[in-house]
Structure formats: structure tokens, C-alpha cells
2 protein chains.
Amino acid sequence: MANNLQFSIAVHLLAGLACGCDQKGITSGHLAESVNTSASFVRRTLAKLSKAGLVETATGKAGACWLAKGAKNISLLDIYKAVDAPKAFTIHDYSEQKACFVSCHIKTALEKALTKTQKAMESSLAEISLAQIVSDVKKK
Amino acid sequence: MANNLQFSIAVHLLAGLACGCDQKGITSGHLAESVNTSASFVRRTLAKLSKAGLVETATGKAGACWLAKGAKNISLLDIYKAVDAPKAFTIHDYSEQKACFVSCHIKTALEKALTKTQKAMESSLAEISLAQIVSDVKKK
DNA sequence: TGTTCTGCAACTATTGTAGTAACAGTTATG
DNA sequence: CATAACTGTTACTACAATAGTTGCAGAACA
């Protein structure tokens, strides 16, 4: 644990919805079975996806959820941002030691490197669509 | 916390060594001041870098450490691998629900996506050398 | 021989995340 | 209208990874 699983869980959930495991709507309880966790945790993740406009939900007795767009129009980057997954790496946050100029300026240098790396990672994610994932799943 | 800071700390340490804050060797205690942590923690990180062949150390009273190669020949990817930093994202590890084929096959689909993304991230890190970081630090 | 460093291992504390539980709000349905 | 079944949200517990500390054996040098 301690590592962020929400991203892969979110992809799992969306893949499940995209496969249209059945009709037009699936309940969180149903999804929870597939991911093997509690319905409540599914809903928490789903809530973020919903806020990001990737899924739509209906409340009430016949409550359910479904994809808000076609699987082709959802990239892994959309999902990555929706669940607020962690950056490529984290910059430490020690107080600066004035006597050492490395200590004082390393942060900006690291930020520059992080920006570049993050961009590379995100554009890679952007190239993968949910439809691609679904087709990989079905291929097996 | 809980996030992995060792990578950025390692870069900080190496940048300190590369700047040759002074003579040819620096003690872990000295480095610790710059990073603002204990000497022992610095040594733990340094040990990984040493195993990866990025720094060399001397024991004994006049113990110290210094870069094993020129800063131009050390990439952030070398450092990333040396400290065993986490992957771009983590794949969840739930037991498969045989009734749901998404559950059974999502893992391989995710692995494929992870491989691609990881590669993008690593090649981005490979393009940044420690010398680049040092020059950014000095520029300020 | 004593000092001062590294190297290593064991330990504690912190904290982010998974996972659970509970409850109010909503809407089909009988 | 009452009930049942779902969502949405918050508060809580449990756990595990990491930062940070401490202590000690071993090495080198004066």
C-alpha cells in the first residue's frame, strides 16, 4: 500500500463500464465485486471520475453509472488527472541552509527537471485511450 | 511524506558533491547540513548511490565521499534507478473474479500501459544530466 | 591508542492510503 | 404514501511505507 492504487482501480472501473458488462448501467456494488473491494470505496473513486466528467451517475433506487463519453474519447491522462495521481517524483521540502547555495537553489533546478519528466509521462498517457485498454482486455 | 523523497534528496546530494562545495571529499555530516537531515540518513542514501557506482567513499578517520564519474556522465535516470524510485503508477493486486473477464485480464492491459509510460518517463530522465542540474543551480 | 569517520542494522514516529461504517438524500416501485 | 435500493459524503480505523533516530562495529589516520 502507501502507493497510490486509485489510478489503476479507476482504469479498471472504467474498463468495466466500457465493456458494458451488460446493459446501460451498473451499480457500484456490482463494480465492487469485479475490483474486489467495498462498494463505498468504489463510489469514492467514482465520485472523482464523475467530477471530471468521465462518468455519469443516477441516484435513487435504480441508481447506476455509465461512461459519459465513448471509450475512444477517454485517455489514460484524463483518468490520471481525474484521480489526482502523484507526480513522477516528489521534491523534498527542507528549509534552506543559507550557507550552502546548492541547498538554496536545488529546488528550482529540480522543478525544472520534474516539469520536463512529468510532461513526457503525461503525453505518453495521453496516447493511450480507454478503448485501447478494453481491446487489450478482450484480446485475451 | 509516504511519498518517495529519496530521489530528490539523492540529486541534491550529488549536486552538492558535483559543485565541489570545496575540496575533493565531503563528509556525510557536511552533506547532512545542506539537506538538513541526519548524517546517518545521508549515508543510507549514499550507500545506494555507491552501490550503483555513482559515488566513491573512503572509510576511516579522513573518511569522505566524492563523485565516481564526471557530472556530465551521470543522468537523472542513473540516480532514479540507483535509489530504486517508484514506478510511474502502481497496479493493484486484487484477486481475480472469475465471473468477470475484465477483472481477469485488466492486469496485463495495465502492465502494457505502464511499460510504455515508464519508458517515456525514463528516457526523459536519461536526457537530463547532473551537470545540467548543477548549471541550473549555479545560474541562480 | 584514541579519534573520527563510514557502514549497517534495529528501532520509533509519521502520515498517506486502503478499507469500513454510518447516515442523509433521492427515486423507482408496490 | 411507504418501502426498498441505490448514490454521495463524511468520519473513522487499520496498515504499511517512509523519514528520521540511535547505536555500534570496523577502518584509517595522527
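Below, chain A is the first sequence line, B the second, and so on; all start at residue 1. These values consider heavy atoms only, across backbone and side chains, with no hydrogens, waters or symmetry-generated copies.
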Partners passing salt bridge (Lys or Arg N to Asp or Glu O under 4.0 Å) against A/E127 (at least two apart in sequence or in another chain): B/K116
Sugar-phosphate only, base, or nothing, as touched by B/A58 at under 4.0 Å among non-hydrogen atoms: sugar-phosphate
Protein-to-nucleotide contact annotation, 5' to 3' order, nucleotides 20-30 of chain C [B base; S sugar-phosphate only; - none; under 4.0 Å, heavy atom]: BBB---BBBS-
Residues within residues 46-57 of chain A bordering DNA chain D, heavy-atom distance below 4.0 Å: A/T57
B/Q6 side chain near D/dT18 phosphate (N/O to OP1/OP2, under 4.0 Å): no
Interatomic distance where CG belongs to B/D93 and C1' belongs to C/dG19 [whole Å]: 16 Å
Integer-rounded Å distance: C/dG19 C1' and A/N36 CG: 12 Å
Pairing residues for B/S34 by the side-chain hydrogen bond (donor to acceptor under 3.5 Å, both in side chains) criterion, not counting sequence neighbours: B/H12
Set of salt bridge (Lys or Arg N to Asp or Glu O under 4.0 Å) partners for B/K72, sequence neighbours left out: none
Euclidean distance, atom CZ of residue B/F89 to atom C1' of C/dG16 [Å, nearest integer]: 20 Å
Pairwise side-chain contact, B/D136 with A/T108, heavy-atom cut-off 4.5 Å (strictly under): no
Under the side-chain hydrogen bond (donor to acceptor under 3.5 Å, both in side chains) test, residues paired with B/K81 that sit two or more places apart: none
Spacing between B/L5 atom CG and C/dG16 atom C1', to the nearest angstrom: 12 Å
Derivation of the side chain to side chain contact (heavy atoms under 4.5 Å, CB included) call for A/C65 and A/L46: CA-CA 9 Å; A/C65 56; A/L46 230 36; 3.6 Å; yes
Salt bridge (charged side-chain N to carboxylate O under 4.0 Å, His left out) partners of residues 31-56 of chain B, not counting sequence neighbours, each pair once: none
Between P of D/dA19 and CG of B/D84, the distance in whole Å: 12 Å
For B/S8, side-chain hydrogen bond (donor to acceptor under 3.5 Å, both in side chains) partners two or more places apart: A/H92
Nearest-Å distance for atom pair CG/C1', residues A/N4 and C/dT17: 8 Å
side-chain hydrogen bond (donor to acceptor under 3.5 Å, both in side chains) involving A/S50 - partner list, sequence neighbours excluded: none
A/F7 CZ - C/dT17 C1' separation (whole Å): 17 Å
